[in-house]
2 protein chains.
Amino acid sequence: MSALQSLGEFLGKARTAAGKTLRAVESETGISNAYLSQLENGKIKSPSPQNLHKLALCYSVSYELLMELAGFPLPNASDRATANKAARIGPLTDDEEAALVEYLQFIRSRKRGD
Amino acid sequence: MSALQSLGEFLGKARTAAGKTLRAVESETGISNAYLSQLENGKIKSPSPQNLHKLALCYSVSYELLMELAGFPLPNASDRATANKAARIGPLTDDEEAALVEYLQFIRSRKRGD
DNA sequence: TCATTCTGCTTGGTATAGCAAGCGTTGCTA
DNA sequence: TAGCAACGCTTGCTATACCAAGCAGAATGA
């Protein structure tokens, strides 16, 4: 399948990559395992920024990346959107660089099979 | 210095400072005047980041400030430090590069979509 | 076989974000 | 005075984020 994925997909893979169970994440973050299950299975569309922040810390991934996947506007996104009209990749913004680094880390952890 | 101003208080002042009525903001942002009234009177605790972003643009105020007033975590230096740790990544394989390019296009298409 | 203990998942419920409709007040014009 | 329009606000409703409780299957051991 494509490398593109939903927030739920990403969170599920990040959790297993971190070697944690739903209940382990629940005791670590205070987010119920019921809700985490719904989140990973795409039944929740817009989790709160607070919960995204807790999960970012728990999985050691970028909070900004989770915000991006959730469809939330990032600070300065609108400013940079007008600045970057390039059709091809071009130079990266800080946000994009951070997101790509985290995503690459994720890809490689999955290749290692952990 | 005083405590943080409430979100509703700030939004009300920003709107009158911009010389706009509730219905003017409604027609500009698509957010109902009923909801805007509740927001300004403190009856809404956690508006969506999307709506905060629209109001930031409408009032020409900082989106980050609204996020902070709403009590949402902001992407901060420690997030970027985590990303930078993961940035010791070495050269990319072709597969990794393809995945990152695809993912970057995904990110940017979502930014344009908002 | 039976009990225990993990795992993810489902169900039923509550709280609240957000909107459509409409209210009371103010101010303007005839 | 009546009539109208615009203002902020309230009410009643729907959709959904989130949780407590518990279910179903797999693994493990007595």
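Below, read A as the first sequence line, B as the second, and so on, with proteins coming before strands; counting in each chain starts at 1. Computed from a predicted model, the values in this text were never measured in an experiment.
- Nucleotide D/dG8 holds its P atom 14 Å from the CG atom of B/Leu11, rounded to whole Å.
- A salt bridge links B/Lys20 and B/Glu28; the closest N-O separation between the charged side-chain nitrogens and carboxylate oxygens is under 4.0 Å.
- Contact check, B/Lys45 against C/dA17: no side-chain N or O comes under 4.0 Å of OP1 or OP2.
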Using a 4.0 Å cut-off on protein heavy atoms (strictly under), produce a 5'-to-3' string for nucleotides 7-14 of chain C with B for base contact, S for backbone-only sugar-phosphate contact, and - for none. BBBBB---
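- Between B/Phe72 atom CZ and C/dA17 atom C1' there is a gap of 11 Å when expressed in whole angstrom units.
- With sequence neighbours left out, the side chain to side chain contact (heavy atoms under 4.5 Å, CB included) criterion links B/Gln38 to B/Tyr35, B/Lys43, B/Ile44.
- Qualifying side chain to side chain contact (heavy atoms under 4.5 Å, CB included) partners for B/Lys13, counting only residues two or more places apart in sequence or in other chains: B/Gln5, B/Glu9.
- In this structure, the side chain of B/Tyr59 does not engage the main chain of B/Lys54 through any donor-acceptor pair within 3.5 Å.
- Among the heavy atoms of the strands, none lies under 4.0 Å from A/Gly12.
- Here the side chain of B/Asn51 pairs no donor or acceptor atom with the backbone of B/Pro47 at under 3.5 angstrom.
- In this model, the phosphate group of D/dA20 is not approached by any side-chain N or O of A/Ser32 to a distance below 4.0 Å at OP1 or OP2.
- Rounded to whole angstrom, the span from the CD atom of A/Gln50 across to the P atom of C/dA17 amounts to 11 Å.
- A/Leu52 has its CG atom 12 Å from the P atom of D/dA17, to the nearest Å.
- For D/dA17, neither phosphate oxygen OP1 nor OP2 lies less than 4.0 angstrom from any side-chain nitrogen or oxygen of A/Asn51.
- Between B/Ile44 atom CD1 and D/dT11 atom P the separation is 14 Å, expressed in whole Å.
- Residue B/Ser46 has no polar side-chain atom (N or O) positioned under 4.0 Å from OP1 or OP2 of C/dT16.
- For the side chain to side chain contact (heavy atoms under 4.5 Å, CB included) with A/Leu11, the lone residue among A/Leu66, A/Thr16, A/Leu36 that qualifies is A/Leu66.
- Rounding to whole angstrom units, CD of residue B/Glu26 and P of D/dC9 are separated by 14 Å.
- Checked by atom type and distance alone, the side chain of A/Ser37 never pairs as donor or acceptor with a backbone atom of A/Asn33 at under 3.5 Å.
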